[in-house]
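Below: the structure, in structure tokens.
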Amino acid sequence: MDCKYNFIYESHKATAEFFIFASMIDYDFSLKLIKWYSENKRDLPWRETKSPYKIWISEIILQQTKVDQGLPYYLKFVKKFPNVHDLAKANENIVLKLWQGLGYYSRARNLHYSSKYISESLNGEFPKNYVELIKLKGVGKYTASAIASFAFNEKKAVLDGNVFRVLSRYFGIEDPIDTTRGVKIFENIAFENLPKKNINTYNQSVMEFGALQCRPINPLCNSCPLTSNCWALNNNKTVSLPIKSKKIIKKERFFNFLVLKSEKFIFLEKRIKNDIWKNMYQFPLFEEPIESFSPPEELIKGSILSRKIEVTHLLTHQKLNVVFWEYEKKKLFLNKKYEKIEIKNLNKYAVPKIVENYINQNLSNHRL
DNA sequence: AACGCGGGGGT
DNA sequence: ACCCCAGCGTT
């Protein structure tokens, strides 16, 4: 069969709403993937449990994050917070501290927020189906489908980056994966091709297959069990699929961190605005071009500039030009804008990676 | 519908 | 330099 779908039925209702139906079913697709999975899957701890709590933790950690990067964080989390009540009782800074270095910190904030909701409003009773799961903050379509199918055997198709790639290549879907219209097409095909049974195993299979075999770059088509019906392979399009319509633009910013310290104390501030690293801590920040920056006189009065360390920090959407201005002072007075803390307690505060790096490289002699 | 949100790793 | 990753919430 030729898996390229050649026609899409489109219809307009009187409301002018736009509906898209695309039909393309291959009954061997899921069976072959499940077989491939049984022979090639990795041993991962969240596959050994039916605990919706632990599966939830793993799914949040793995959002936009590769298994290798997320695995140590998962192990730390379930050890520190064995159940939802332990997580709910924790202070947010503790949760963020455990998340430190993993990025997308709203995941940690929402995880903590939702744990309190489950612990307090639901009496610890974890939501048991898709409709209830998706009400949790931080749980969208993908994560609700994953938990519902993995923990409760609900018939839901997961649709993540891996699945988009596998479906687009195998079925030859050239609609973009990042538009509402494209997503609907993929949702339909994903659901149509669910197997009759073993939904949870199939969902694991298609994602694992995307991660290990049908990789974004240099997919392993030579050893692939799906080549006979793969549209992309047979039409020489594996390189260009899936298709994304948007491209990212990188903004440049200039951060001046004022590392104002005495022998024992240092100033910190909490990031509270809706920006990167919300609710995490940093040294007093002055965001302006390096050339024009000079620290407020009242802050550095009676101190000397001991070091000036320049670093660039790349995020997905931003290029940060960072300077740590290190000022030494005999005595640090209280300041209403900043928290005066002991340097040896710095490691209790959740900080962005760039600040963590600075601390490790320059303040580690303070026995953190 | 468009945008913002981290950090790491691969090519 | 650019892409991708078990996506989601906000506007």
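- Relative to the side chain of A:Trp46, the nucleotides C:dA6, C:dG7, B:dG6 differ in distance, and C:dA6 lies closest.
- Comparing atom distances between the A:Lys246 side chain and each of B:dA2, C:dA6, C:dG7 picks out B:dA2 as nearest.
- Nearest-nucleotide assignment on DNA chain B puts the 5′-proximal partner with A:Thr316, out of A:Arg215 and A:Thr316.
- Comparing atom distances between the A:Gln69 side chain and each of C:dA6, C:dC4, B:dG8 picks out B:dG8 as nearest.
- The side chain of A:Leu315 sits closest to B:dG7 out of B:dG8, C:dT10, B:dG7.
- Aromatic ring centres of A:Phe209 and A:Tyr37 lie farther apart than the 6.0 Å criterion allows.
- Remark: aromatic rings of A:Phe283 and A:Trp325 are distant, center separation not under 6.0 Å.
- Proximity note for A:Tyr142 (side chain, C-beta onward) versus C:dG7, B:dG6, B:dG8: the nearest is C:dG7.
- With DNA chain C read from its 5' end, the first of the two nearest nucleotides for A:Lys137 and A:Glu59 is the one closest to A:Glu59.
- In this model, the phosphate group of B:dG7 is approached by a side-chain N or O of A:Tyr105 to a distance below 4.0 Å at OP1 or OP2.
- For A:Phe150 and A:Trp46, the gap between ring centers reaches or exceeds 6.0 Å.
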What's the verdict on ring-ring contact (aromatic ring centres under 6.0 Å, His included) for A:Phe293 and A:Phe254, showing C-alpha distance, side-chain angles and the deciding distance? CA-CA 10 Å; A:Phe293 172 70; A:Phe254 299 90; over 10 Å; no
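- Listed candidates were B:dG6, C:dC5, B:dT11. Nearest to the side chain of A:Asn218 is B:dT11.
- Mapped onto DNA chain C by nearest heavy atom, A:Ile134 and A:Ile217 fall at different nucleotides, with A:Ile217 at the one closer to the 5' end.
- Across the strands present, C:dC8 finds its partner in B:dG4; the criterion is a Watson-Crick or G-U wobble pair with both atom distances under 3.5 angstrom.
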